[in-house]
**Q** 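Input: one structure, supplied below.
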Amino acid sequence: MHLLLVDGSGYIFRAFHALPQLNRKSDGLPVGCVQGFCNMLFKLTEDLKGEDQPTHMAVIFDAKGKTFRDDFYPEYKAHRPPAPEELVTQFPLTRAATRAFSIPSIEMEGWEADDIIATYACNARQAGYKVTIVSSDKDLMQLVEPDGSIRLLDTIPRPGQPPLRWIGMDEVFTKFGVTPDKVIDVQALCGDSVDNVPGVPGIGVKTAAELINQYGDVENLLAHAHEIKQPARRQKLIDNAEMARISKRLVTLSQDVPVELPLDALARVPMAPEALFPFLKAMEFATITKRLAGLLGADPTLYEADPELAASGRDPRKSADLSVARAKLASPQVPGTGPALHAQEVHAKIRAIPVNYDDYEIVTTPEQLDVWLKRIIDKGHVAIDTETTGLDAQAADLVGICLATEPGNGCYIPVGHSRGAASLLEEGGLVEGQLPIRLVIDALKPLLEDKSILKIGQNTKYEISILARYGITMAPIDDTMLLSYALDGVQYNGLNVLADNWLGHTCIAFSDLAGTGKHQKTFDQLEIAPAARYAAEDADITLRLWHVLKPRLAAENATTLYETLERPLAPVLSRMEQRGISVDRQILSRLSGEFSQRAAAFEAEAHELAGQSFNLGSPKQLGEILFDKMGLEGGTKTKTGAWATGADVLEDLALKGVPLARTIVDWRQLTKLKGTYTDALPAYINARTGRVHTSYSQASVLTGRLSSNDPNLQNIPVRTEDGRKIRSAFVAAPGKILISADYSQIELRVLAHIADIQALKDAFEEGLDIHAMTASEMFNVPVEGMPSDVRRRAKAINFGIIYGISAFGLANQLGIGRGEAGDYIKTYFERFPGIKDYMDEQRRRVKIDGHVTTIFGRKVQFPNANSANPAERSFVERASINAPIQGSAADIIRRAMIRMEPALKQANIDADMLLQVHDELIFEVPLGTETAAMAAIKTVMEGAAEPAVRLSVPIQVDAHAAHNWDEAH
DNA sequence: GCAAGGACGTA
DNA sequence: GTACGTCCTTGCA
């Protein structure tokens, strides 16, 4: 935690005198200090990174009027000339600037800014924060702490000096000759002519420091004044003892100002374009507008100058104070007002712009490329899409790049279109007239890596991965797919659906150009001209969608979700995918052979038992044999009228003495493992890296979980002996070791927190076996010596609760009657009454709102909550009970993943995060470093909910290291 | 050649 | 009873 306190009044005074900024805006209003102030706020957010990056921030101003110091020394600051008019007019504007940056602006009558700063600084330090005070005011140096927990930062621009100058213990000592805790004693003696602090005449800083270093403080010095050898100095001290005491009171900052906003209220919130740009426009700050537009990913042309500010001479304070601004941010937006109205207007504007394919440009010369580079720099943002030879980001090669800077424009830069090979033996070579790929990459790289230029894409993870292989680390990004996911969940998805829904536009289908099926052409085989229309359209449409979706974040209170759980995760996932994981081909190949033989034996046995040959892989044929030919009782039909032959049915039959059923179950298990894993996985080993690279989908799961595909590495077997053999084929690279770190019972812990179940919370607090505890509560059985079946039942019920329990489902799971299952549920609700309240609340909410919410504010949409179909309604009810639990757990691990890399780097730990399996993270670390790595990983994972949410249950992570995934798990 | 259904791997 | 992705068969184009 890091609190940044900006001495606002101090800044403008010093900036004005250090380097008078006389800039005026077009109507003559002086705004130089405001501009400097805005630049400073911008620089602070830009330059303070890593450990120095503040989590909390406020700007403090002096209030008008007298302070408590005037009560005991009316001459305090009495000699100060009034501030010049061109500075006075900028006071209210700096407060407006602070609000425009979404930073709390604080001033209190009766107190100086310094006192408020001292109060917050001390409170924060006691709460374990690091504190930085942005000021060079010597009066604040008394607050500096020797351990570095409170430091000053001087940002006033001075020619020939670095822009940021830290003031710590050493700097204070240089200035005052004493440690910070004795600064007030030195000031008490030497006084301050500017503030009219009297001090002791004839004593300057050097003498004061010498005396204080000798005597400790003012009181002790005065008590021993008669011992001073120099007669003049002795006399002055004795004569001015009272003045020294008053001076000390004057310079001592109060640390108990009754501040209104608690520390928590100073937590940083993302800047809001709708607050920022109207202000910057009114001030006519073009450069900073452009830079912030890039940083924020917003189009400033969509905002009008704030009319209150644009007309000079008015007091901007009357229109907004902090509490109002905060309330606006926090409360749901009413359609037709504020940000919501803005979003609607932008949507209408963008939707009205026609798509004209003739406006798109094919870039084939360096001059054309230059024009586009200038456009991008000028705009501060660009929509980008890459066309490649395939869908696998780790294997596909770049074929072309499309860019768009305004809705309606767009270009395509072909770099890899190939001539069709005349024969199989002959290389096709590149189509003539394309710019060399190296030239294009080199030209784009500086812009794509420039932190002040926003790169907008649809599924940018793909672009990040592709470009990474050409040496480009693309950042920062905005992603229309993730914007849509943050706003509307999974209901829309791909670019074409979004375009259709928000723009009423149908994009060119890829299949129209390339055909379908196994004869589908890859992008490099397409003619450039039609490919360009398709490609440039994607960039243009992506940019339009961004214009439509981005303003909705603020209007619909989804900014925090997007900024903290979606946007920062994409590059993390890209890196995980790029790393891949090592898989031992030999192990899989050996297992394939083994499974194949054993499956063949089961197949022969099944044919024998059935008395006929049939396809074991056909549920249809199997059902007919079991229930028609053999005439077994108790068969049920699926919804399509076929016999049900699922594992549970066969398991049942096996228990009733049907050996064929057991054989089929065993056969299915083996062929599943063979087909899905041992045969399929080796084909995913990348030729370039020798590793398997999955692809994570960040925006396709209802609850906020990730999903994994091509291959799915989130369902690698673990439950059976044979399955674990497959898992053991996932190995560490030579010299490395794998670490698996998984959250223990995360969903039950989340449930205990959100449903506020004291008994569950207590059990987690005490580290009890949660299922045994549940069983003990429900069945009145002591935990000691509990039969395993009793615990098993309780475990099923706990899981059932998470899944939105029904008597029907629980009965199925436990193989008991509906009535008995109903009794269990009733007992559970009696023992843990909060659970029923939680469930009822979710059921109620989903019907009213159409969504339920995780603890981090993710909305999970259920459009069918009020369906006319009772079965569907019940389904939605169960899902809406499950979603906040599963979703909150998903949000927690997302937060851990986002923080993991910087945290490990800061702890100097070399660990590569490779995989995520919902509640588990897999890392690869150098052999011998696993103990330190596991400790650091656990810390990040266990603290991942904070500070956004303080869970009322402990979060526990178990970590293990081993050479392969099976042993590490 | 493609979509749907069934089955089954994971959390 | 929740949330996924993949493999295989089937049935229709």
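Labels below follow one simple rule: chain letters A, B, ... track the order of the sequence lines, proteins then strands, and each chain is numbered from 1.
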**Q** Given atom CG of Leu673(A) and atom P of dG5(C), what is their separation to the nearest angstrom?
**A**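 Interatomic distance, CG of Leu673(A) to P of dG5(C): 20 Å.
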**Q** Heavy atoms only: give me the nearest Asp666(A)-Phe602(A) pair and the separation to one decimal.
**A**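 Closest pair (atom of Asp666(A), atom of Phe602(A), distance): CB-CZ, 3.6 Å.
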**Q** For Asn798(A) and dG1(C), give me the distance from atom CG to atom P, rounded to whole Å.
**A**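 About 18 Å, once rounded to whole Å.
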**Q** Is any side-chain heavy atom of Glu603(A) closer than 4.5 Å to one of Trp667(A)?
**A**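 Side-chain contact under 4.5 Å: yes.
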**Q** Without decimals, in angstroms, what is the distance between Ile664(A) CD1 and dC8(C) P?
**A**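 Interatomic distance, CD1 of Ile664(A) to P of dC8(C): 16 Å.
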**Q** If only side-chain N and O atoms of Arg705(A) are considered, is one of them under 4.0 Å from the OP1 or OP2 phosphate oxygen of dA11(B)?
**A**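 No, outside the criterion.
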**Q** Nearest whole angstrom, please: distance from the C1' of dG1(C) to the CZ of Arg793(A).
**A**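 Distance, rounded to whole Å: 18 Å.
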**Q** What's Ala821(A) touching, base or sugar-phosphate or nothing? Going by heavy atoms closer than 4.0 Å.
**A**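 Nothing: the residue Ala821(A), judged by heavy atoms under 4.0 Å, touches no strand.
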**Q** May I have the distance from Phe875(A) (atom CZ) to dT2(C) (atom C1'), rounded to whole angstrom?
**A**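 In whole Å, dT2(C) C1' and Phe875(A) CZ are 8 Å from each other.
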**Q** Indicate yes or no: does Arg598(A) engage Asp722(A) in a salt bridge with an N to O separation below 4.0 Å.
**A**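 Salt bridge: yes.
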**Q** Does Thr645(A) place a side-chain N or O at less than 4.0 Å from the phosphate oxygens OP1/OP2 of dA7(B)?
**A**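 So the side-chain polar atoms of Thr645(A) do come within 4.0 Å of the phosphate oxygens OP1 or OP2 of dA7(B), strictly under.
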**Q** What's the CD1-C1' distance between Ile716(A) and dC8(B), to the nearest Å?
**A**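 That distance rounds to 13 Å.
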**Q** Looking at Arg668(A), I'd like to know whether one of its side-chain N or O atoms comes within less than 4.0 Å of OP1 or OP2 on dG9(B).
**A**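 Result: no.
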**Q** Using a cut-off of less than 4.0 Å, is there contact between a side-chain N or O of Thr640(A) and OP1 or OP2 of dG5(B)?
**A**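 So the side-chain polar atoms of Thr640(A) never come under 4.0 Å of the phosphate oxygens OP1 or OP2 of dG5(B).
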**Q** For Ala642(A), which contact category applies under a 4.0 Å heavy-atom criterion: base, sugar-phosphate, or nothing?
**A**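 If one applies the 4.0 Å heavy-atom cut-off, Ala642(A) turns out to touch nothing in the nucleic acid.
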**Q** Within the 4.0 Å heavy-atom criterion, would you say Thr676(A) contacts the bases, only the backbone, or no part of the nucleic acid?
**A**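 Sugar-phosphate only.
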**Q** From the options dG9(B), dT10(B), dG1(C), select the nucleotide whose nearest atom is closest to the side chain of Tyr677(A).
**A**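 Nearest listed nucleotide: dG9(B).
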**Q** Would you say Lys672(A) places a side-chain N or O within less than 4.0 Å of OP1 or OP2 belonging to dC8(C)?
**A**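 Looking at the OP1 and OP2 atoms of dC8(C), neither is under 4.0 Å from any side-chain N or O of Lys672(A).
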**Q** Any N or O donor-acceptor pair under 3.5 Å from the base of dG5(C) to the side chain of Asn712(A)?
**A**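 No, the side chain and the base share no sub-3.5 Å donor-acceptor pair.
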**Q** Counting only side-chain heavy atoms from C-beta out, which of dT10(B), dC4(C), dG1(C) sits nearest to Pro717(A)?
**A**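 Of all the options, the side chain of Pro717(A) is nearest to dT10(B).
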**Q** Do the side chains of Asp840(A) and Lys836(A) get close enough for a salt bridge, i.e. N-O under 4.0 angstrom?
**A**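 Yes, Asp840(A) and Lys836(A) are salt-bridged.
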**Q** Any base atoms under 4.0 Å from Gln621(A), or only sugar-phosphate, or nothing? Heavy atoms, all strands.
**A**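 Counting heavy atoms under 4.0 Å across all strands, the contact made by Gln621(A) is with sugar-phosphate only.
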**Q** Heavy atoms only, 4.0 Å cut-off, all strands: where does Leu702(A) land among base, sugar-phosphate and nothing?
**A**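 Counting heavy atoms under 4.0 Å across all strands, the contact made by Leu702(A) is with sugar-phosphate only.
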**Q** Check every atom of dA11(B), dA3(C), dG1(B) against the side chain of Lys518(A) and return the nucleotide holding the closest atom.
**A**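 Of dA11(B), dA3(C), dG1(B), dG1(B) is nearest to the side chain of Lys518(A).
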**Q** The side chain of Val718(A) lies closest to which of these nucleotides: dG1(B), dA11(B), dT2(C)?
**A**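 The nucleotide sitting nearest to the side chain is dA11(B).
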**Q** Flag the pair Glu924(A) and Arg579(A) as a salt bridge only when some basic side-chain nitrogen lies within less than 4.0 angstrom of an acidic carboxylate oxygen.
**A**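 Answer for the salt bridge query: no.
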**Q** What contact category does Gly617(A) fall into here, base, sugar-phosphate, or nothing, at under 4.0 angstrom with non-hydrogen atoms?
**A**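 Sugar-phosphate: the residue Gly617(A), judged by heavy atoms under 4.0 Å, touches backbone atoms but no base.
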**Q** Counting any heavy atom closer than 4.0 Å, what does Thr638(A) reach on the DNA or RNA strands: base, sugar-phosphate only, or nothing?
**A**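 Sugar-phosphate only.
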**Q** With distance as the sole criterion, do the side chain of Gln886(A) and the base of dT2(C) form a donor-acceptor contact below 3.5 Å?
**A**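 Such a pair is found, so the answer is yes.
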**Q** Taking atom C1' of dG1(C) as reference, at what distance in whole Å does atom CZ of Phe829(A) sit?
**A**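 For the pair Phe829(A) CZ and dG1(C) C1', the rounded distance is 12 Å.
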**Q** According to a strict under-4.0 Å criterion, is Gln520(A) in side-chain N/O contact with OP1 or OP2 of dG1(B)?
**A**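 Indeed not, no polar side-chain atom of Gln520(A) lies that close.
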**Q** The side chain of Ser806(A) lies closest to which of these nucleotides: dA11(B), dT9(C), dG1(C)?
**A**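 Comparing dA11(B), dT9(C), dG1(C) against the side chain of Ser806(A), the answer is dG1(C).
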**Q** Classify Ala680(A) by what it touches in the nucleic acid, base, sugar-phosphate, or nothing, heavy-atom distance under 4.0 Å.
**A**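 Sugar-phosphate only.
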**Q** Which sits closer to the 5' end of DNA chain C, Val490(A) or Thr671(A), going by the nucleotide each is nearest to?
**A**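 Upstream on the strand: Val490(A).
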**Q** Using 30° and 60° as the class boundaries, would you call the ring planes of Phe510(A) and Phe523(A) parallel, tilted or perpendicular?
**A**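 Plane angle under 30°, so parallel.
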**Q** Rounding to an integer number of Å, can you tell me how far Asp919(A) CG sits from dA3(C) P?
**A**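 That distance rounds to 17 Å.
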**Q** Are Glu877(A) and Lys847(A) within salt-bridge range, i.e. N to O under 4.0 Å?
**A**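 Counted as a salt bridge, because a side-chain N and a carboxylate O are separated by less than 4.0 Å.
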**Q** Phosphate oxygens OP1/OP2 of dC2(B): is one of them under 4.0 Å from a side-chain N or O of Thr516(A)?
**A**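 So the side-chain polar atoms of Thr516(A) do come within 4.0 Å of the phosphate oxygens OP1 or OP2 of dC2(B), strictly under.
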**Q** Base, sugar-phosphate, or nothing for Glu747(A), non-hydrogen atoms under 4.0 angstrom?
**A**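 The answer is nothing, as Glu747(A) stays clear of every strand by at least 4.0 Å.
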**Q** Go through dC7(C), dA3(C), dG9(B) for me and flag the one nearest to the Asn882(A) side chain.
**A**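 Out of dC7(C), dA3(C), dG9(B), the nucleotide with an atom closest to Asn882(A)'s side chain is dA3(C).
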**Q** State plainly whether the residues Asp789(A) and Arg793(A) are in salt-bridge range, i.e. N to O under 4.0 Å.
**A**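 Judged by the 4.0 Å cut-off on N to carboxylate O distance, Asp789(A) and Arg793(A) do form a salt bridge.
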**Q** If you compare every side-chain N and O of Ser707(A) against the phosphate oxygens of dG5(C) (OP1, OP2), does one of them come in below 4.0 Å?
**A**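 It does, given that an N or O in the side chain of Ser707(A) lies less than 4.0 Å from OP1 or OP2 of dG5(C).
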